[in-house]
Amino acid sequence: MTEVAINPVNPYLRMDRMPSIWCPGCGIGTSVNCFARALTQSKIDLKKTAVVSGIGCTGRVSGYMSVDSFHTTHGRALAFATGLKLGNPELNVVVYSGEGDLIAIGGNHFIHAARRNLDVLCVCVNNFTYGMTGGQVSPTSPATAKFTTAPLGQFEEPFNLPYLADSCGAVYVARWTTFHVRELTKAMRDALKKRGFRFIEVISPCPTLYQRRNRLGDGLDAMKYYQEKSVKKNGANTSELRIDFQSEITVGTFVDRERPTFADAMNARYKEVLGPRYVPCPDNYVPPQAKGEGT
Amino acid sequence: MAADPRGVLTGQHYLDGNHAACEGALAAGCRFAAGYPITPSTEVVERIAQRFPTMGGVFIQMEDEIAASITLQGGVWAGKKALTVTSGPGFSLMMEHVGLAAITECPCVFVNVQRGGPSTGLPTLPGQADMMQARWGSHGDYEIIALCPQSPQECFDFAIKAFNLAETWRVPVMLMMDECVGHMTERVVIPNAEDIEVVERNFTKKKPGEYKPFDAGDGWVPEMAKAGDGYNLFVTGLTHDERGYPVMNHHAQEKLVHRLVDKIRKNADKICEWEEDGIEGAEVVVMSYGITSRVAQRGVEIAREQGIKVGTMRLIVAWPFPEKRVKQIAPTIKSFVMPELNYGQMVFELERCVAGMTRTVLVPHGGGEVHDPQVIANAIIEAARGKN
């Protein structure tokens, strides 16, 4: 009998839910592959790891990961993750969603989660469009590109996501494309080991909608574009990372700094003011009666 | 199970309804709260922010009510009992997450200190015009439970009841206060912790692999698990099967939504709660809830002084509605009279249940103040004479 090699990322996925909903050539699966490898390499406790997503193509990531998975409402993954992390500080919480979800409808939660330095890893797959709903214009859509809701070509200013994350206070900011699988895996591994609000933008192809409508070819053409037009600049000034239509894409690690997390700051303040009267949130609170200690 | 003594401020207090609701939540074991400031409800979270740090609770003021209403659900899946507090405009923003809590069967408590609306309306003055929104505000089919306290003591008692019902049925529970009850100050007696009955979450004892998070078995309510316990939970707002996996067809929809609705409808007898007085032999029955029930009491007395036989029915649980009891009473009386601080909300439910067996008379009020008891008395008198 021929032995069939098991894909090393299978244990990290809910294999009973495969195949995924993602189109051929889509980059979300590639990013998930990198994420699964980063989980292995970082050796974090998977039992204490939760993935939270919003709505959209990337919003389906949480449901394919074989960890505690929360597929929440549109734009609110970070707000849900805030409750999950503060309610049980020992959890490793990863928010994994698309740019329409995190930055448009969820933009307010994004800036405040970064400002608070909420201790979560936030992976944003940016494919410049709303895929699940059929290719509408998104907050990162580059000017002149066509979308169902910008049929004559987009004319708004696109968001520069690393600049946004940096200016709101994220402690780790990186951008890679789905061509850069080794670099992306390493960025995810490094970010998993760090504390605070960590932001990774993953530039990812959408051959079915964004590329087809703009005559940009298939998934392989996207890889060629990323290969030819990506420029690695670690530590680049985030204000200069704007992406225009088929323009150069600056990739790398732009921010890596330390700052107290929301919980660090809260614990420090309450300890300072309340002293021994402060009772921090226990990781897994069990009422005394349930342990047989009380009445 | 008795309450955790760390959350119980045993003794006699002079508290307003908002502070009393906070103490009720703490006594019930609430250790997570997310809020956003809004008049006339803010005192609830102000007190929580002060009290939590010495009892292992976490409070966070979020960037808006949309966030607060889902942050609390993150807290629940982390294993905490959680609440959020708001008023009209904030309640409107929270509606999508009432639906999320309903479909994910996330036990949690929404406190709404009702003010006059619509829109910004009357921020500092009372209303009872969110009663239908509490029941129907989110899209799709679901059921919730709503409680209506009429005093600070009941704000304390019903906050505990709200958490107990949320844990028992795994539904969002609405504590529907109003500005009057929230800001009225009265004596509140907080019992000893051992005398407070608290329902703890029904965490599963099954092993990972055996446990299906949305399988209610022969009952109505699935056992729960929390993040970090090794169950690889999958919680989604999509229609899902017993494993929590999304299933996009009408069979899965029928199975799930049917149970979400029926777990409350088929158990309404266990959940419904009201107070009644003088129904036997009554010509007219006054149904009311919240602050209006205290005002109505004076109207009832005036009418009784005129020799009219008036019964009263005060809703403690407004949703689910006491349909069976209304159907028993309806054929025996001339009319129901229902004063509320709105232009007709719960009266429509009353009318539906009465089903033409007797008359229903609404005593409407746009909010901003309570009814004049004489107006309620006049409505009772006219109803008894068959004139309105």
Side-chain angles (χ1 to χ4, degrees), chain A residues 14 16-17 45-50 52 55 60 62-63 65-91 93 108-109 111-113 116 262-263 266 270 273-274 277-290 294-295, chain B residues 1-7 29 31-32 34 52-60 62-64 66-82 96-97 99-100 104 192-194 198 200 208 225-238 240 243-246:
Chain A
R14 295 182 193 267
D16 53 352
R17 293 208 64 223
D45 184 356
L46 293 179
K47 279 190 183 174
K48 299 292 176 191
T49 301
V52 183
I55 299 297
R60 296 302 181 97
S62 60
M65 302 305 303
S66 192
V67 294
D68 286 322
S69 315
F70 296 93
H71 181 223
T72 64
T73 53
H74 195 19
R76 319 301 170 198
L78 277 166
F80 183 94
T82 303
L84 198 61
K85 179 65 191 177
L86 298 183
N88 184 351
E90 70 171 5
L91 292 175
V93 179
N108 198 27
H109 313 307
I111 64 178
H112 287 281
R116 293 185 182 110
F262 176 91
M266 177 178 73
Y270 288 167
V273 176
L274 295 171
R277 288 175 56 224
Y278 176 46
V279 181
C281 168
D283 288 353
N284 277 296
Y285 171 69
V286 182
Q289 289 83 1
T295 46
Chain B
M1 190 175 283
D4 170 11
R6 285 179 299 179
R31 293 294 180 271
F32 190 92
F52 261 0
T54 55
M55 60 177 70
V58 178
F59 167 72
I60 183 167
M62 291 302 290
E63 49 273 14
D64 56 31
I66 302 173
S69 57
I70 191 167
T71 302
L72 99 151
Q73 298 185 43
V76 170
W77 287 105
K80 297 286 187 284
K81 288 187 177 182
E96 184 179 7
H97 292 142
L100 179 71
T104 58
N192 293 319
E194 62 265 29
V198 165
E200 292 300 341
K226 60 182 186 292
D229 283 355
Y231 286 98
N232 285 2
L233 287 173
F234 185 6
V235 178
T236 175
L238 288 167
H240 46 264
R243 298 168 299 172
Y245 285 16

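What you see is a predicted model, and the numbers here were worked out from it, not measured in a lab. Order of the sequence lines sets the chain letters (A, B, ...), proteins ahead of strands, with each chain counted from 1.
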Between A:K48 and B:G228, the two heavy atoms sitting closest are NZ-O, 2.7 Å
How many angstroms lie between CD in B:E96 and OG1 in A:T73, if you round to the nearest 0.5 Å?
4.5 Å
Under a 4.5 Å heavy-atom cut-off, does chain A meet the side chain of B:A34, its backbone, both or neither?
neither
Tell me, please, which residues at least two apart from B:R243 pass salt bridge (charged side-chain N to carboxylate O under 4.0 Å, His left out).
A:D16, B:D241
Given a strict heavy-atom distance threshold of 4.5 Å, which part of B:F234 is in contact with chain A: side chain, backbone, both, or neither?
both
What part of A:L274 is in contact with chain B, defined as an atom under 4.5 angstrom from a non-hydrogen atom: side chain, backbone, both or neither?
side chain
With chain B, which of A:L84, A:D68, A:T72 has the greatest number of heavy-atom pairs at distances under 4.5 Å?
A:D68
Considering only heavy atoms from C-beta outward, does the side chain of A:R60 approach that of B:L238 to under 4.5 Å?
yes
Among all residues two or more places apart in sequence or in another chain, which pass the side chain to side chain contact (heavy atoms under 4.5 Å, CB included) test with A:S62?
A:V51, A:S53, A:S69, A:H71
Pick from A:S66, A:A263, A:A50, A:P280: which one has the most heavy-atom pairs with chain B under 4.5 Å?
A:S66
Looking at A:T49, A:V273, A:L91, which makes the most heavy-atom pairs under 4.5 Å with chain B?
A:L91
Is B:P53 close to A:M266 at the side-chain level, that is, under 4.5 Å between some pair of heavy atoms?
no
Using a cut-off of under 4.5 Å for heavy-atom pairs, which of B:Y231, B:Y245, B:W77 has the most such pairs with chain A?
B:Y245
Given side chain to side chain contact (heavy atoms under 4.5 Å, CB included), test B:D64 with A:H109 step by step and report yes or no.
CA-CA 9 Å; B:D64 56 31; A:H109 313 307; 3.5 Å; yes
Exercise: identify the closest heavy-atom pair between A:K47 and B:G230:
CG-CA, 4.0 Å
Output, in order, the C-alpha distance, side-chain angles, deciding distance and verdict of side chain to side chain contact (heavy atoms under 4.5 Å, CB included) for B:I60 and A:R116.
CA-CA 11 Å; B:I60 183 167; A:R116 293 185 182 110; 3.8 Å; yes
Passing option when A:T82 is tested against B:T71, B:L72, B:I70 for side-chain contact (heavy atoms from CB on, under 4.5 Å):
B:T71
Measure across A:G87 and B:A78 and return the closest heavy-atom pair with its distance rounded to 0.1 Å.
C-CB, 3.6 Å
Contact origin within A:F70 toward chain B - heavy atom pairs under 4.5 Å
both
Just by distance, do the side chain of A:R14 and the backbone of B:N232 share a donor-acceptor pair under 3.5 Å?
yes
